[in-house]
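Report on one structure; see the data block that follows.
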Amino acid sequence: MQEYIEELRNRLHQHNYNYYVLHAPTISDKEFDDLLEELRQLELQYPQWYDENSPTQRVGSDIDVHFVQEPHMYPMLSLANSYSKEDIIDFDTRVRKTLGIDTVVYTCELKYDGVAVSLYYKDGKLVRALTRGDGVKGDNITTNIRTIKTIPAVLHGDFPQEIEIRGEVLMPRTKFNEFNLQREKQGEQVFANPRNAAAGSLKLQNSSLVAKRPLEAYMYYIPANQPSDSHFENLQIARSWGFAVPTVAKKCENLNEVFDYIDLWNTKRKELQYDIDGIVIKVDSIQLQQQLGYTAKIPRWAIAYKFKAEQARTRLLSVTFQVGRTGAVTPVANLEPVKLAGTIVKRATLHNSDQIQQLDLHTDDYVFIEKGGEIIPKIVSVDVQTRHLFAQKIQFITHCPECGTELIRLQGESAYYCPNQYNCSPQIRGRIEHFVSRKAMDIGLAEATIEQLFTQGLIHDAGDLYSLTYEQLIQLDRFAEKSVRNLLQSIEQSKQVPYYRVLYALGIRYVGETVAKTLAKAIPSIEMLQAASIMQLEQIPEIGTKIAESIKQHFREPYSLNIIEKLKQAGVQLSTVDTEHKQVNNVLQGASVIVSGVFQSYSRDEMKELIEQYGGRNVTSISKQTSCMIAGDGVGPSKLQKAQELGIPILTEDEFLVKIGLKSV
Ligand code: IVH
């Protein structure tokens with residue numbers, strides 16, 4: 001049976017390779033799913049033949065992991081940037097001068113705009129994946145990486161016994177748009193661009209969620225033990241091992257060919273499924289690369305050419321003013337719709353009144369827009385030549401467009417505020433939206449529903465959410481029984497949200513997530529926080545006068561006190577209770593523990609959870625830093641051997657349970 005399971009796994013690995021790398025599947029999706037299901041069933045029946053690289057493991061695990069930092073075998077460096085052909089001519093001159101030769105062959109590749117990862121394979125199996133981190137050490141994100149289908153779990157063909165390979169994880173543009181749309185519908189925060197979405201996904205601590213994100217990965221570099229002296233060849237060889245390597249890399253014999261490649265992809269990049277932000281030019285010969293070497297931060301044998309951000313020209317239709325949850329007023333430019341970098345743009349941010357001044361924006365102006373890192377593009381300049389003779393200067397408003405209150409400008413800030421905090425509708429709704437958001441109380445409530453609840457007078461502030469009834473909710477538009485039950489359940493669950501997140505949810509000005517955590521740690525209940533003096537608050541590390549005063553101010557407002565009272569009545573966590581940390585005791589404090597094999601009394605995931613509950617950390621690969629190994633039945637022989645070689649204590653399941661006090665000797 002073990003052999004059959006292995007064979008099934010190999011067949012599925014091959015089909016994955018045909019589909020994701022060669023783009024040439026030989027069986028239908030249905031046939032693939034059936035084979036996968038057969039394997040899943042067999043693995044359930046025969047847990048002793050568990051394999052973390054099995055094709056079934058792509059779905060990830062439900063257990064939260066905390067990433068452990070591990071050193072890179074070879075530092076993960078950055079690239080020098082260039083923005084003009086002159087920069088590249090200089091680079092080529094430097095390279096040839098250092099090497100003392102007349103011509104150099106380069107390989108040109110796309111510069112993928114994603115998140116860098118370094119993958120390490122031993123005996124053809126993926127054993128470790130690290131993020132760049134600080135370049136010297138990165139987060140071990142192996143469990144998340146295993147869910148990405150274009151990354152082979154097991155290599156093909158003639159691969160070396162040990163190999164490290166680097167590449168970029170991305171989210172294709174169309175998948176990103178669908179994904180963001182779905183998030184918007186569910187009232188979740190959208191990502192500004194595919195790169196942020198990919199980075200956010202890889203940071204998720206639950207790999208079964210990562211498995212649902214449409215991520216892909218392309219490889220571009222083997223840092224050591226290269227199979228060939230040509231980088232271009234190495235890319236082709238990496239493809240033959242099962243990695244996704246785009247076929248568009250090109251060997252260029254001279255600078256003119258390099259420039260042609262840049263020009264070609266500057267135009268053709270719109271046709272790609274994913275974002276690129278430039279071209280990478282690498283000396284092709286590995287031997288020459290070694291002669292050129294590295295500075296502390298970058299290789300001397302490669303350079304990135306960054307594309308200029310795409311611009312579009314369009315007409316300004318009007319400027320409207322939006323009031324946010326803090327009362328800050330943001331001007332938004334409404335534009336004649338225009339296509340920019342693959343999407344139709346109708347609006348641009350103007351940030352604040354200073355920017356309107358700086359741009360000297362007039363009615364009907366033609367403007368140039370550009371996409372930065374944010375969702376909404378920005379106006380970069382005005383086409384003054386085409387300005388209308390009678391065009392009027394755009395004036396910043398003096399009164400709130402929502403409630404008519406005169407706007408104020410706080411000292412030292414560039415934004416204008418509507419000071420009518422407790423009666424200005426977008427400010428109230430904005431605070432409720434913040435309260436329910438994922439990192440705060442995590443209540444599944446869309447913006448549109450909040451608006452309905454608010455305009456129907458069912459809620460006046462976040463505290464009212466806890467007295468909503470089934471009868472009230474079932475009357476809402478598009479609210480069937482199931483949505484009502486889900487919402488009520490979500491509200492109920494939010495009563496378990498730890499105190500620091502409640503503190504963040506309150507929306508005290510300057511109290512973001514990190515400050516809320518610091519405060520909750522230093523002052524464990526809301527009553528104590530209310531009673532704390534400015535001086536006491538200022539003694540907490542990272543808390544300065546501005547934050548301390550803002551906290552005091554918040555607790556002076558009857559409006560805020562009223563909300564806190566409602567939360568108290570509802571049973572929301574307003575203090576730090578010890579059980580919150582689920583930590584039973586700290587016998588494993590600071591220990592990094594690896595589990596391997598199958599256990600009698602607990603599943604492997606339960607074992608991992610126990611380790612965390614008792615203060616330890618789970619690691620997935622063995623190093624000198626590993627504190628101990630818990631070995632079950634069918635423990636991986638290479639892991640066992642490595643643990644023995646490094647002299648790492650090996651515990652049986654029973655020995656471990658005795659150690660943490662769950663079993664008596
Ligand atoms: S080579 C030692 N090739 O861009 C040189 N990097 O801005 C290793 N990147 O750190 C990098 N596409 O994360 C290389 N085709 C490509 C790339 C690429 C994207 C990323 C990579 C790098 C960053 C530098």
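Just follow the structure's listing: the first ligand is 1, and inside any ligand the first atom is 1. What you see is a predicted model, and the numbers here were worked out from it, not measured in a lab.
The side chain of Y220, and not its backbone, has at least one atom closer than 4.0 Å to an atom of ligand 1 (non-hydrogen atoms only; side chain from C-beta on).
Under 4.0 Å is where a charged nitrogen must lie from a carboxylate oxygen, and between R96 and D92 at least one such pair does. In this structure, D275 does not pair ionically with R195, as no charged nitrogen and carboxylate oxygen lie closer than 4.0 Å.
Close approach of ligand 1 to A116 is summarised as follows: ligand atoms under 4.0 Å from at least one heavy atom of the residue are 13 (O). Every atom of ligand 1 is numbered from 1 in the order shown, and the set under 4.0 Å from a heavy atom of L77 is 10 (O). Residue L110 approaches ligand 1 through these ligand atoms, each under 4.0 Å from one of its heavy atoms: 12 (N), 15 (N), 16 (C). Counting atoms of ligand 1 from 1 in the listed order, those under 4.0 Å from a heavy atom of L79 are 5 (C), 6 (N), 24 (C).
Ring-centre distance between F243 and Y121: below the 6.0 Å cut-off. Residues W301 and Y221 place their aromatic rings such that the two centres sit under 6.0 Å apart.
The option from K111, R132, K282 that lies nearest to atom 3 (N) of ligand 1, judged by heavy atoms, is K282.
Of all heavy-atom pairs spanning L202 and N144, the tightest one is O-ND2, 2.8 Å.
Remark: ligand 1 and Y112 share an N or O pair separated by less than 3.5 Å (distance only, no angle test). The shortest N/O to N/O separation between E168 and ligand 1 falls below 3.5 Å.
Inspection of the T131 and D139 side chains reveals no N or O donor paired with an N or O acceptor under 3.5 Å.
Ranking protein heavy atoms by distance to atom 8 (C) of ligand 1, first place goes to Y221 CD2, 3.9 Å.
By the salt bridge (Lys or Arg N to Asp or Glu O under 4.0 Å) test, K149 is found to be paired with no residue, residues two or more places apart in sequence or in another chain being considered.
Within the 4.0 Å heavy-atom cutoff, P299 counts among the residues contacting ligand 1.
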